[in-house]
Enquirer: 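Have a look at this one.
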Amino acid sequence: MTHLRYDPQWVEKKWQAIWGAVNGFAVDAVLDKPKYYVLEMFPYPSGNIHMGHVRNYSIGDVVARCKRMQGFNVLHPMGWDAFGLPAENAAIKHRTHPVQWTYANIDAMRAQLKRLGYSYDWAREIATCRPEYYRWEQVFFLRLLQKGLVYRKKSSQNWCPSCNTVLANEQVIEGLCWRCDSRVEQKDLEQWFLKITAYGDELLNDLSRLESGWPARVLAMQRNWIGKSVGATVRFGLVKTHAEASAIEVFTTRPDTLFGVTFITLAPEHPLVESLIAGHAKADVVRAFVKRIRNMDRIDRQSDILEKEGVFTGAYALHPFTGERLPLWLSNFVLADYGSGAVMGVPAHDQRDFDFARKYGLPVRVVVCPRGEAPDADTMDSAYTGDGHMVNSGSFDGLRSEDGKKAVADALTREGKGAADTQFRLRDWNISRQRYWGAPIPVVYCETCGHVPEKEENLPVLLPLDALIGADGRSPLPDTPSFVDCVCPKCGAPARRETDTMDTFVESSWYFARYTDARNANAPFSRDALNYWLPVDQYIGGVEHAILHLLYSRFFTRVLRDMGFFPGDLSEPFTNLLTQGMVLKDGFKMSKSKGNIVDPTEMITQYGADAVRLFCLFAAPPERDFDWSAAGIEGAFRFLGRVWRLFVEEHARILPLTACCATEGDVRDEQAAALRRKEHLTVKKVGDDMGERFQFNTAIAAVMELVNAMYIARDTLTMGEADRRIFSSAMATVLTLLSPITPHICEELWERIGHSTRIFDQTWPVWDPSATTRQVLTVALQVNGKLRGTLEAPAGAGKDVLEQLALADASVKRHTEGLTVCRVVVVAGKLVNVVAG
RNA sequence: GCGAGAGUGGCGGAACUGGCAGACGCACCGGACUUAGGAUCCGGCGCCAAUGCGGCAUGGGGGUUCAACUCCCCCCUCUCGCACCA
């Protein structure tokens, strides 16, 4: 027999060739079995697979292979999130074209994935930069435009000076660009927006339906991001007559504190500022303040240590109920882009307002009392922000906060001075990017007709591949006449094509649906395929996408549903979400600058893909970070060698059996019974851990235990025909259970055992409870809850018998000496606790 | 500050519904086989005490219970996310 030593290079090359020759992991075309759609977040084709990818895809592959063996028709696809800025940067750096760089990277990374033996249906591979893909996105865009869910708006936008493009709010992390960490600037631009806020309520409310399948952390982050606040809008009439407005609006979550308002504060950017200060003696002071605050760095301005400061405008507003004059201030802690950009100052019941009032000597008025005692406005040293009952609030006195909120809002509505209202933190999604390497936005600009949608039959609007990116990194599209020059779809006059491209997050918002029918040339997907495959049963990826990608995908799913592309009952794209932890090295995230990168390819070359996969899954539970260690991968490799050796050394006695096929009749002695018992218990544990709980580390540990038991059994069994059946069954079980994790070695040994089928096509073994029962059980003996010994007792022994045996035990006797036994707790088959005092 | 999660041997981690804490692996120590071993196999391995008995241990403190890593209350530490959102 060849290859007595475990040589992963040889084994893996052999099996990858076999799988590759026939697209060995194609999905069953007949859609009659129950389906299971497992998806890993597709990679950006940067050129290299890193260890984080390996962990992500290894988890997905185990789930895919395991579910397939358990009888599901499994969809397990892979593709490339191929548009994006790195391609442009690389093109400039290497004097190539993004399209060449991208496709070369895809080829390289696909080869790396194939070396890892993942069971993807490669016939469904997609790359979002292909016209066959993005043309459907352009169709969606036009339909969204029709529905009024896309619109153009000029406003202050996040601008990354390094990427030369705008960014969505979600893409600004602590004031920095999500990609390149440059400081984000503000720039007034007219851009295309997707109306994600129209789905704010639904996106928020439906999170509760994901509670059983998504990590609480991700749900919390999404809730936080959407940021719904319920309260009321209040209109304060302006004292002076101003040309632009007669009232100023504020939003509050605490209408019950309306009578505690002692001032109004506006953001420096508030549009009414100039008209409010017109004619005011100190108008210049106010203008200087506005200028200073507006020029502050965005990060500094949002810093939590920033001192609250403000300036009085000289103008007053009127309280809607009392008619009291309230001074109008500007301050640096009011955000222009939330609510109406103005807040009512209630110092007694809001800490910021309190700090502000104390600093500038503004009055403090208590209007909500915690049970019984009223805080003293003069001596209180912080705001009382809790609930209570209303005081000093006219006819509302005595109402509890909850009722007060509603009563005040109702009164505002009655008197036309406001209404109950809801605010979201979520902003509409700016999808315009001033970049080249993205999907063109299918709109043209006509002098007479304005912005006109391209006709659907003219799609795709192709991204020109002959455009060259200049050294300055700016998009070449505006300077590419073949792209820009076109005719107006409406009037036929010469027109200019939109040169902004779409945010690449648009592509990743619907790719999971394209996989269901990836080669469809007539439609983005067929209804039958969607009905069968969606939603994704298990989605796996990094937590860094908790807001951006997952929120956009949830939004897109609803939009496509409401436009009739998706089934009407489909709202959530991903039923279950697993966010895997990071792979660290020496306690830190792997990075070029730290120089602590472990290259998967090197590890595969040294230990084989099976060992790399095994270690990634064994080192820690999937959600947790784990530290890559040289010793750890050695250990994984050693275990596979141990399995290999067990097979090779016992080869002559191993029969071509399948898992769990030895029977009760094959059991000759206790050694054989023990091995068979271990085998079936392992099948039970691995099935639960791998298929239900996704605890691969404990599943692997269980298989290791079975292998250890087999090493003992081969010396204790007499290895007659019956024993061989027991032993061979256990061997088949080891290989079958391990095959989703380390498929190459398992296929090889399966074949060497004498099977002509693939282990990939084996059905998951079924454990037999009767094989796991024991005649004699070990029972723990406790005295007052402390372990004092163990006892071998017949399995059927009753409580009385166990109690008698326990009390007769020498160790128990010793520890109860001089004490009175007052109670004996017996847990059948497990433990006896003698309570004595 | 708000939200989520974590805290168990030298290390990664087990213990799923309260029932023998430390499975499995790494590291380490000892032995076997060897010209050799960084291969392989066997054994040991929480801490204190040690001949045995035993005592102490799951971040700290309380509580419930016959029994607590697990449930309840208080506190500490760490990680991640959000953060002047009115």
Side-chain angles (χ1 to χ4, degrees), chain A residues 5 173-174 215-225 227-229 231 250-254 257 265 267 301-306 308 331-335 337-346 349-353 355-356 423-426 543-544 546-547 581-582 615 618-621 623-627 629-636 638-639 641-642 645 649 685 688-689 692-693 695 697-705 707-708 711-712 715 778-790 811 814-815 822-827 829-837:
Chain A
R5 286 182 68 92
I173 316 292
E174 290 178 356
R217 181 160 69 126
V218 175
L219 296 174
M221 284 164 77
Q222 294 227 347
R223 267 188 201 109
N224 207 327
W225 187 263
K228 182 179 180 176
S229 295
V250 306
F251 173 76
T252 179
T253 55
R254 293 293 301 271
T257 64
T265 326
R301 186 167 166 191
Q302 298 207 340
S303 152
D304 52 349
I305 51 167
L306 185 70
K308 288 175 189 31
S331 74
N332 61 346
F333 72 86
V334 180
L335 305 173
D337 57 0
Y338 184 77
S340 62
V343 298
M344 59 186 214
V346 187
H349 305 294
D350 181 279
Q351 191 57 41
R352 290 157 307 184
D353 298 345
D355 296 342
F356 195 79
Q423 287 288 330
F424 287 89
R425 215 187 79 119
L426 183 69
V543 75
E544 65 273 18
I547 295 172
M582 287 188 298
F615 178 53
F618 182 59
E623 289 93 347
R624 227 179 285 187
D625 291 350
F626 87 87
D627 215 313
S629 81
I633 181 72
E634 287 275 357
R638 204 146 53 207
F639 170 68
R642 204 164 139 80
R645 220 172 302 115
E649 288 170 10
K685 172 134 184 81
D688 289 348
D689 287 358
E692 308 298 324
R693 299 201 309 154
Q695 297 285 305
N697 54 330
T698 49
I700 293 163
V703 178
M704 287 173 166
E705 284 189 60
V707 171
N708 291 344
Y711 265 91
I712 293 168
D715 296 328
T778 306
V779 177
L781 298 179
Q782 295 182 332
V783 177
N784 291 330
K786 285 188 177 165
L787 186 70
R788 297 301 180 190
T790 56
S811 179
R814 190 163 60 242
H815 286 95
C822 45
R823 190 176 161 189
V824 179
V825 180
V826 179
V827 181
K830 277 204 165 161
L831 140 161
V832 180
N833 187 15
V834 179
V835 185

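Chain letters run A, B, ... following the sequence lines, proteins first, then strands; residues in each count from 1. Scope of the values below: all heavy atoms of this structure, side chains included, with no hydrogens, waters or symmetry mates.
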Enquirer: Just to be sure I understand the rule, does H815(A) reach a base, reach only the sugar-phosphate, or reach nothing, if contact means heavy atoms closer than 4.0 Å?
Expert: sugar-phosphate
Enquirer: For P215(A), answer base if it contacts any base atom (sugar-phosphate contacts may also be present), sugar-phosphate if it contacts only those atoms, and nothing otherwise; contact means non-hydrogen atoms under 4.0 Å.
Expert: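 No contact.
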Enquirer: Side chain of N833(A), base of rC66(B): donor and acceptor closer than 3.5 Å?
Expert: yes
Enquirer: Check step by step if ring-ring contact (aromatic ring centres under 6.0 Å, His included) holds for F615(A) and F626(A).
Expert: CA-CA 10 Å; F615(A) 178 53; F626(A) 87 87; 5.6 Å; yes
Enquirer: For a quick check of understanding: with a heavy-atom distance under 4.0 Å over all strands, which category does V334(A) fall into, base, sugar-phosphate or nothing?
Expert: base
Enquirer: What does rG3(B) pair with, Watson-Crick or G-U, if both distances are under 3.5 Å?
Expert: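 WC or wobble partner is rC80(B).
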Enquirer: Produce the list of close N/O pairs, under 3.5 Å, pairing protein atoms with atoms of nucleotides 22-27 of chain B; give distances to one decimal.
Expert:
residue	atom	partner	partner atom	Å
rA23(B)	O2'	E705(A)	OE2	2.8
rG25(B)	OP1	N708(A)	ND2	3.3
rC26(B)	OP1	R638(A)	NE	3.3
rC26(B)	OP1	R638(A)	NH2	2.7
rA27(B)	OP2	R638(A)	NH2	3.3

Enquirer: Taking atom types as they are modelled, would you say the side chain of K830(A) forms a donor-acceptor pair with the base of rC20(B) within the 3.5 Å cutoff?
Expert: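 Side chain to base: no pair below 3.5 Å.
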Enquirer: What is the glycosidic conformation of rG54(B): syn, defined as within 90° of 0, or anti?
Expert: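 Classified anti.
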Enquirer: Taking any heavy-atom pair under 4.0 Å as a contact, classify D353(A): base, sugar-phosphate, or nothing.
Expert: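 If one applies the 4.0 Å heavy-atom cut-off, D353(A) turns out to touch nothing in the nucleic acid.
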Enquirer: Treating primed atoms plus P, OP1 and OP2 as sugar-phosphate and everything else as base, which nucleotides of nucleotides 28-36 of chain B get B, S or - for protein heavy atoms under 4.0 Å?
Expert: ---------
Enquirer: Going by purine N1 to pyrimidine N3 plus the second Watson-Crick contact, or the G-U wobble pair, all under 3.5 Å, which nucleotide sits opposite rU17(B)?
Expert: none
Enquirer: Counting the atoms with a prime plus P, OP1 and OP2 as sugar-phosphate, which does V343(A) contact under 4.0 Å by heavy atoms, base, sugar-phosphate, or nothing?
Expert: base
Enquirer: Please tabulate, one pair per line, each protein N/O and nucleotide N/O from nucleotides 8-10 of chain B that are separated by under 3.5 Å, including the distance.
Expert:
none

Enquirer: Return the value, rounded to whole Å, for the distance between atom CD of Q222(A) and atom C1' of rC82(B).
Expert: 13 Å
